[in-house]
Every structure is written in structure tokens, then in C-alpha cells.
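What follows is a set of notes on a single structure, which appears directly below.
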Amino acid sequence: DHRDKRELVDGCTVCQIERLQAEVARLRAALLGYQQWEADLIMHTPSWCTSNGLPILTQAQMDRLTELQLQRNEALKEQP
């Protein structure tokens, strides 16, 4: 398909569509990362062996959460 980048498709330029697809991919990657992090936390039994029933995060879990937050924040930045 050799469409001009300025050509409109349902009111959007091809460039806009490609940019939006990339944004969706970044957000999806961040969400999948959170999903995996949550599953890992749930399955990490020692995290839940506390007197109040709330998990205690390991340094590795905190590091991963920080990475995911940065990934999310980057994906949510407003694009020009």
C-alpha cells in the first residue's frame, strides 16, 4: 500500500493512525507488565506471611514496580 502519509483514512492521517497504534502498543506492554507483577506477588507466598495479612514487598518486587511505573508514565506522556 503506497498511500501518501497525508491521505485521510476515516478522518485520520496514516501518520496519526501509526502513532496511535504505537501508543496502544506501549500502553498494552505496560498493562501486561503490571498483570505479571501482580501474579508474581500473589504467587510469592512469603510476601503474605505477615501479622496483618498485607504483603511485604521484596527489593526485587519494588524495583520491578518502579520500572513498570516508569514504563506507564512514559506511555502516558502527551504526544505532540
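We count residues from 1, following the sequence as given. Here the structure is a predicted model, which is why all the values come from computation and not from measurement. Atoms considered below: every heavy atom in the structure, side chains included; atoms not considered: hydrogens, waters and symmetry mates.
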Revision key, fill the gap. When Gln61, Gln36, Arg64 are each screened for side-chain contact (heavy atoms from CB on, under 4.5 Å) with Leu41, the one that passes is Gln61
Review point. Between Leu57 and Leu54, is there a shared hydrophobic cluster once you connect ILVMFWY residues whose side-chain heavy atoms come closer than 4.5 Å?
Key: no
Check your understanding: Are the side chains of Leu32 and Arg28 in touch, meaning some heavy atoms are under 4.5 Å apart?
Key -> yes
Point to revise | Side-chain H-bond candidate by donor/acceptor type, Gln59 with Asp63, under 3.5 Å | key: yes
Exercise for review: Using a 4.5 Å cut-off on heavy atoms from C-beta on, say whether the side chain of Leu31 contacts that of Gln35.
Suggested key: no
Exercise for review: Locate the shortest heavy-atom distance separating Leu68 from Ala30; write the atom from each residue and the value.
Suggested key: CD2-O, 4.3 Å
Check your understanding: Which heavy-atom pair separates Thr50 from Gly53 by the least distance, and what is that distance?
Key -> OG1-N, 3.1 Å
**Study point:** Joint hydrophobic cluster, Met62 plus Tyr34, side-chain heavy atoms closer than 4.5 Å
**Key:** yes
Exercise for review: Would you mind reporting whether Glu23 and Arg26 have side-chain heavy atoms less than 4.5 Å apart?
Suggested key: yes
**Study point:** Trp48 side chain vs Met43 backbone, donor-acceptor pair below 3.5 Å
**Key:** no
Practice item. Output the distance between atom CD (Glu74) and atom CD (Gln71), rounded to the nearest 0.5 Å. Key: 9.5 Å
